[in-house]
Structures are given as C-alpha cells and as structure tokens.
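Quick notes on the structure that follows.
Only heavy atoms go into these numbers, but all of them, side chains included; no hydrogens, no water, no symmetry mates.
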Amino acid sequence: MNAVPATAMSLGLAGCEVCGLVSRPLAGQPPHGPHCPRCGERLHFRRPASIERCWALVIAALILYLPANLLPVLTTYTPLGSQTDTIMQGVVELWSPTSWPLAIVVFVASITIPLGKLIALAYLLITVQRGSLKSTRQRVRLYRMVKFIGRWSMLDVFVDTFVVALVQLKPLMWMAPGPGVMFFAGVVVVTMVAVNCFDPRLIWDLPQKECNA
C-alpha cells in the first residue's frame with residue numbers, strides 16, 4: 001500500500017503569508033482566531049473563499065478586456081483634425097522595418113499577456129474545482145509564471161503616458177490618452193488581484209483528499 005504524503009495542513013501546520021513562518025495555530029486565540037507568533041498576521045490553512053473571489057475577478061477582468069481593446073487608447077490632435085488609435089491599430093502603425101520589434105513587444109504585453117493570464121487563471125480554477133489530479137507541478141509552475149509576468153502587462157499604459165508627455169507641441173500637434181487606457185489599466189489591476197486571491201495550495205490538496213478517500 002502506497003504511503004500518503006503528509007501535508008502541512010494534515011499535520012496542523014500553517015504558513016504565514018507575510019513572513020513565511022510555519023507554526024501550529026492554537027485554536028481559540030482571541031479576538032479573531034490564530035495569528036502568526038512572529039509578525040501577528042492572521043493565519044489561514046487556506047485563503048477564505050479563494051475560488052469564489054478569483055472567479056469574480058476573472059470575470060470582471062474579461063468584461064474590462066473588451067472595451068480596453070475596442071476603445072481608443074491614444075488620440076492625436078493636429079490643426080487638420082484628430083486621429084484615434086486602439087491598441088491593435090497602434091501595433092499596425094508601429095510595424096515597419098525600423099520599429100517592428102517595438103510592435104511585437106506592445107502586442108505581446110498589451111494583448112497576449114492579459115488574455116493569457118485570464119485563460120491560465122480560468123484553467124487553474126476549473127481544474128481545482130473538478131478535482132483534477134494531473135500535472136500538479138506544472139500547474140504550480142503556471143501559477144508562478146502568471147504571477148511573475150503580471151507586472152509587465154502595464155507596458156502599454158507606460159508607453160502611452162510617455163508619448164503623451166513627450167509630444168505636446170501645441171498648436172501644431174499634441175496627444176491625449178483615450179478612454180481605452182482606463183479600461184486596460186483596470187484589466188491589469190484586476191488580474192493582478194485575482195492572481196493574489198488564488199491559493200496555489202488548493203492544487204496540492206486534491207491528491208491528498210483522493211488518497212484519503
């Protein structure tokens with residue numbers, strides 16, 4: 001008979017998410033449950049309502065993702081009129097023999113990464129809820145990768161801000177951010193919060209529960 005690998009939760013141990021100390025929570029600690037003996041942070045074996053909160057944030061980010069790509073993110077004003085550009089239009093205009101690397105960077109950071117993060121989070125949530133026992137290590141690596149690359153999703157916002165601040169040649173030409181920037185920033189912030197709400201320890205609970213059944 002195969003031995004069931006022990007987990008920290010099965011041994012009554014909990015890790016502090018602030019300082020990393022692993023300790024044994026004492027039941028009934030006032031006023032709101034057990035706390036970390038080192039930093040005082042409240043301890044949880046698993047983050048409360050992790051799946052529900054993460055799903056709500058993923059859906060909210062998906063709703064924001066549509067106007068972020070359909071609405072203009074940059075408006076250029078000249079004496080002859082104005083021109084608005086969405087993220088994809090900006091990528092097309094950047095595509096030239098001299099600036100095609102920048103076009104690829106903007107496309108990956110502004111379109112591929114946010115959508116990829118949403119797909120990855122949805123995959124992790126679905127596999128956890130379905131009780132999948134496959135590829136646990138790969139899913140943990142996927143979560144870590146999603147958390148790491150999240151900071152680069154703001155590249156398009158940084159580029160727009162830099163261009164707007166740089167190109168202010170009134171009355172000949174000037175630029176202003178479009179409404180799509182607000183939605184895009186919302187997508188980035190909401191997905192970063194969603195990643196932090198997901199508890200990767202849930203992935204490892206499933207094989208343990210299956211073995212104990």
Side-chain angles (χ1 to χ4, degrees), residues 2 4-22 25 33-34 36 41-70 87 104-157 183-213:
N2 295 330
V4 178
T7 63
M9 185 170 65
S10 66
L11 298 176
L13 301 173
C16 177
E17 296 190 50
V18 175
C19 68
L21 178 67
V22 178
C36 175
E41 181 71 13
R42 187 174 180 183
L43 296 176
H44 299 285
F45 288 107
R46 297 295 180 264
R47 297 173 191 169
S50 172
I51 295 177
E52 292 81 0
R53 293 177 182 177
C54 192
W55 264 125
L57 292 168
V58 168
I59 295 173
L62 183 60
I63 294 174
L64 293 173
Y65 183 80
L66 297 177
N69 286 274
L70 296 177
I87 294 176
I104 294 177
V105 171
V106 172
F107 177 79
V108 171
S110 302
I111 297 179
T112 306
I113 288 180
L115 183 59
K117 287 176 62 177
L118 293 177
I119 295 174
L121 284 172
Y123 167 74
L124 291 174
L125 289 167
I126 291 172
T127 53
V128 165
Q129 289 183 301
R130 293 183 60 183
S132 175
L133 303 178
K134 299 179 180 180
S135 305
T136 52
R137 295 182 183 274
Q138 286 76 7
R139 281 186 283 158
V140 171
R141 293 192 186 101
L142 176 63
Y143 169 79
R144 292 173 179 172
M145 182 179 67
V146 169
K147 190 171 184 178
F148 174 76
I149 66 177
R151 68 194 72 176
W152 301 105
S153 301
M154 271 290 192
L155 180 62
D156 194 70
V157 177
F183 288 98
F184 185 82
V187 172
V188 175
V189 172
V190 172
T191 51
M192 291 177 66
V193 176
V195 172
N196 290 327
C197 283
F198 181 79
D199 194 339
R201 294 172 295 185
L202 294 171
I203 299 173
W204 297 104
D205 286 343
L206 300 173
Q208 182 75 11
K209 292 177 181 178
E210 183 72 12
C211 291
N212 291 337

**OP:** Could you walk me through whether Met192 and Val189 pass the side chain to side chain contact (heavy atoms under 4.5 Å, CB included) test, one step at a time?
**Re:** CA-CA 5 Å; Met192 291 177 66; Val189 172; 5.7 Å; no

Subject >> side chain to side chain contact (heavy atoms under 4.5 Å, CB included) between Ile63 and Phe183, worked out >> reply: CA-CA 9 Å; Ile63 294 174; Phe183 288 98; over 6 Å; no

Original post:
Passes side chain to side chain contact (heavy atoms under 4.5 Å, CB included), Ile111 versus Phe184? Steps please.
Top reply: CA-CA 10 Å; Ile111 297 179; Phe184 185 82; over 6 Å; no

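Residue Ile113 holds its CD1 atom at 12.0 Å from CG of Leu118, rounded to the nearest 0.5 Å. Annotation: the span from Gln138 atom CD to Met145 atom CE amounts to 12.0 Å, rounded to 0.5 Å. Annotation: the span from Arg53 atom CZ to Asn196 atom CG amounts to 12.5 Å, rounded to 0.5 Å. In this structure, the separation between CD1 on Ile51 and CG on Leu202 is 5.5 Å, given to the nearest 0.5 Å.
For the residue pair Asp199 and Ser50, the shortest heavy atom distance occurs at N-OG, 2.9 Å. What you find for Pro114 and Val187 is that their closest heavy atoms are CB-CG1, 4.2 Å. Contact between Thr191 and Leu121 at its shortest, heavy atoms only, is O-CD1, 4.3 Å. Nearest heavy-atom pair across Cys197 and Leu57 is SG-CD1, 3.7 Å. Contact between Ile203 and Leu124 at its shortest, heavy atoms only, is CD1-CD2, 4.3 Å.
Within the 3.5 Å criterion, the main-chain N or O of Phe107 finds no donor-acceptor partner in the side chain of Ser110.
Applying the ring pair (Phe, Tyr, Trp, His ring centres under 6.0 Å) test to Tyr143 and every residue at least two apart in sequence or in another chain returns Phe198.
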